[in-house]
Amino acid sequence: MASATTGSAGSGAVDAALTFLRRERVTRWTSRLTLLVLWQLAGVLSVRFPTPVQTVDILVREFQTPFGGDAWTVWNNELVQNLWVSMTRTALALAYVIVIGIPVGYAMGRWWRVQAYFTDVVMVGIALPAYMWALLAVMWFGFGITAPVFTAVVSATPALIVHVLQGALAIPRPLRDMSDAYDVPSLTRARDLILPSMAGAVIAGVRLAIIAAWGSVVLVEWFGSNEGAGFRARHWYQSAADYNGLMAWGVVVLVIVIAVDRGVIERIDRAAHRWRGSISSFGATAATAAEKTS
Amino acid sequence: MAILKATNVVKEFPPPTKHQPTVRALDGLHFEVSGQTFVSMVGPSGCGKSTFLNIVSGIETPSSGSVTVQSDEGRPAKLGYVFQDARLLPWRTVMSNLMYVHRDKGEETKDRIGRYLDMVGLKGFEHMYPAHLSGGMQQRVGIARAFSVEPDLLLMDEPFSHLDAITARSLREELQSIWEQTKKTVLFVTHDVLEAVQLSSRIIIVAYGGKNFADLTIDLPYPRLQTDPEVATMQAHILEVFEDMERKRRELDPRIAELAEARQRAREAS
């Protein structure tokens with residue numbers, strides 16, 4: 001009797017542990033921890049590969065170094081100021097990308113003539129690598145804000161256009177016909193039919209555009225700017241020959257992309273598709289129950 | 001009430017490929033509908049019935065000829081449209097789906113929508129999403145949407161063809177009851193003769209190629225059931241008209257007769 005109880009409790013604990021390990025969050029954290037361990041291992045095995053601790057150490061030092069010869073403040077230091085410069089450039093570029101990309105992509109999906117007109121232009125934008133645009137932009141506009149913003153706009157806009165175009169093509173024809181038959185006003189149609197139909201494609205496009213714009217700004221700053229995250233990464237690589245500094249800024253660039261993606265884009269995506277959650281949480285038997293009630 | 005006037009309506013679609021001929025869906029269709037009538041357009045699949053409804057609703061334009069819909073008061077006629085499938089916005093609730101087609105979003109509209117949802121047996125389902133509803137319930141929402149705009153002319157395109165027989169029968173009876181209460185002008189498209197006889201006060205038979213073939217008045221009292229002997233007799237009569245139409249078609253086009261003979265021989269051989 002006693003042994004049966006013990007066996008049952010033991011198998012219960014194993015089951016609970018297995019259930020815990022099968023959770024999505026646990027899987028994701030396991031993956032992150034593995035990456036961190038591999039990173040640490042690579043740092044220990046190679047003198048040219050900084051460990052996580054060395055990387056964080058450089059970032060702390062960047063935070064403690066005053067920016068531009070002025071007194072140190074929480075705001076005025078190498079880490080925050082250079083990040084701020086890159087982020088404002090990216091934000092400005094993204095504003096242009098969205099203002100151009102969404103209307104052009106929608107018009108391409110809506111009117112075949114517009115699609116025929118822009119297809120080759122978009123193809124050129126996609127095919128030409130960002131570093132080509134970056135080199136040209138630095139030659140054309142020199143150091144300053146124009147080159148990084150221009151490069152980000154030309155690199156990121158085509159990706160957004162292609163996604164929005166796919167979204168516009170996917171607006172259900174039967175629902176458009178229904179709206180025509182009932183003569184639904186354009187504004188209502190845009191709010192209730194077009195935007196929800198295209199939300200997934202537009203969000204995916206903006207997500208890619210953010211990554212492309214951020215990457216382009218950092219790239220131009222690498223060889224065509226005297227401030228920003230890219231400039232600071234080059235400083236550590238070229239002037240100081242310090243791999244730790246290069247790695248640290250690489251990590252910062254990565255963390256910003258992930259933070260924006262998780263903190264902003266995923267939230268917008270969830271809000272846009274909240275109705276799907278309402279449906280799935282309702283339960284599979286609801287329709288049958290409702291039919292019986294009626 | 002509305003007056004629908006179709007004058008020599010022709011609709012041609014561009015050929016699917018360069019080497020194929022133009023597709024003529026409607027070829028001089030003409031008739032007039034007015035008053036508290038329930039008119040059905042009956043014809044074989046592909047004879048242009050749905051295309052005609054799309055022209056009336058403004059989704060398509062005719063290649064030549066004209067279709068006009070006038071209201072009694074001289075204002076632009078309001079149309080309601082029940083499609084083969086419900087065509088609901090999946091991301092909006094039942095109430096929002098019905099509000100979508102109304103310009104006036106006030107309390108009066110909400111009350112009217114509530115009244116029609118009640119009529120189709122969906123009171124209490126206002127805040128559910130279409131995915132929560134069965135196919136029959138979604139089609140009921142489509143019917144409530146069409147009636148809620150209080151249309152001068154109600155267009156219905158085979159609204160029960162995608163439903164199972166039991167749900168379709170119950171919805172036909174509900175439609176009949178709502179129509180008797182509202183007496184809207186209805187133009188109903190179907191290829192089901194029995195359905196047409198049960199619901200309609202007039203049946204327009206459309207031939208292959210989108211031409212008028214016959215125009216019949218169904219003078220039977222409402223409510224009607226598909227099992228009523230008078231309904232069955234009328235159905236038999238209309239089926240004879242269809243056989244006559246098929247005979248004439250074979251006479252006009254010998255290739256069809258040859259094809260029918262070949263099929264007959266194949267059947268006998270097997």
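Each chain gets a letter, A, B and so on, in the order the sequences are listed, and its residues count up from 1.
Contact check for P90(B) versus R276(A): no side-chain heavy atoms found under the 4.5 Å cut-off. Between T188(A) and K105(B) there is a side-chain heavy-atom pair separated by less than 4.5 Å. Considering only heavy atoms from C-beta on, I59(B) stays 4.5 Å or farther from M178(A) through its side chain.
Around CZ of R28(A), the count of heavy atoms belonging to other residues, nucleotides or ligands within 6.0 Å exceeds 12. Counted within 6.0 Å of CD on Q20(B), heavy atoms from surrounding residues, nucleotides or ligands total more than 12; the atom is thus considered enclosed. A 6.0 Å sphere centred on CG of L187(A) holds no more than 12 heavy atoms belonging to other residues, nucleotides or ligands. Within 6.0 Å of the CG atom in L33(A), the count of heavy atoms belonging to other residues, nucleotides or ligands exceeds 12. Heavy atoms from other residues, nucleotides or ligands lying under 6.0 Å from CZ of R25(A) number 12 at most. More than 12 heavy atoms of other shown residues, nucleotides or ligands fall within 6.0 angstrom of atom CZ in F31(B). By the neighbour-count criterion of 12 heavy atoms within 6.0 Å, atom NZ of K5(B) is sparsely surrounded, having that number or fewer from other residues, nucleotides or ligands.
A distance-only check finds no donor-acceptor pair linking the side chain of W91(B) to the backbone of L193(A) [under 3.5 Å]. Here the side chain of Y182(A) pairs a donor or acceptor atom with the backbone of Y81(B) at under 3.5 angstrom. Of the possible polar contacts, none joining the R87(B) side chain to the R176(A) backbone as a donor-acceptor pair under 3.5 Å is found.
In this structure, chain A has a heavy atom under 4.5 Å from the side chain of R92(B), while its backbone stays farther away. Interface remark: L53(B) contributes no atoms to any contact with chain A (heavy atom separation under 4.5 Å). Proximity to chain B involves both the backbone and the side chain of R189(A), based on heavy atoms less than 4.5 angstrom apart. The part of V149(B) that comes within reach of chain A is its side chain, from C-beta onward, which places non-hydrogen atoms under 4.5 angstrom from that chain. For a residue to count as touching a neighbouring chain, one of its non-hydrogen atoms must lie under 4.5 Å from one of that chain's; by this rule Y100(B) touches chain A with backbone and side chain alike.
Every residue meeting the side chain to side chain donor-acceptor pair (under 3.5 Å) condition with E150(B), not counting sequence neighbours, appears here in chain and number order: Y116(B). Taking the side chain to side chain donor-acceptor pair (under 3.5 Å) definition, one finds that S50(B) meets it with D157(B), sequence neighbours left out.
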**OP:** Decide salt bridge (charged side-chain N to carboxylate O under 4.0 Å, His left out) for R103(B) and D183(A); before the verdict, give the C-alpha distance in whole Å, the side-chain angles of both, and the deciding distance to 0.1 Å.
**Re:** CA-CA 9 Å; R103(B) 281 167 191 267; D183(A) 197 20; 3.5 Å; yes
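Residue L175(A) comes nearest to L89(B) through the heavy atom pair CD1-CD2, 4.0 Å, listed as atom of the first residue, atom of the second, then distance.
Using bins of under 30°, 30° to 60° and over 60° for the plane-to-plane angle, the ring pair W275(A)/Y129(B) lands in the tilted bin.
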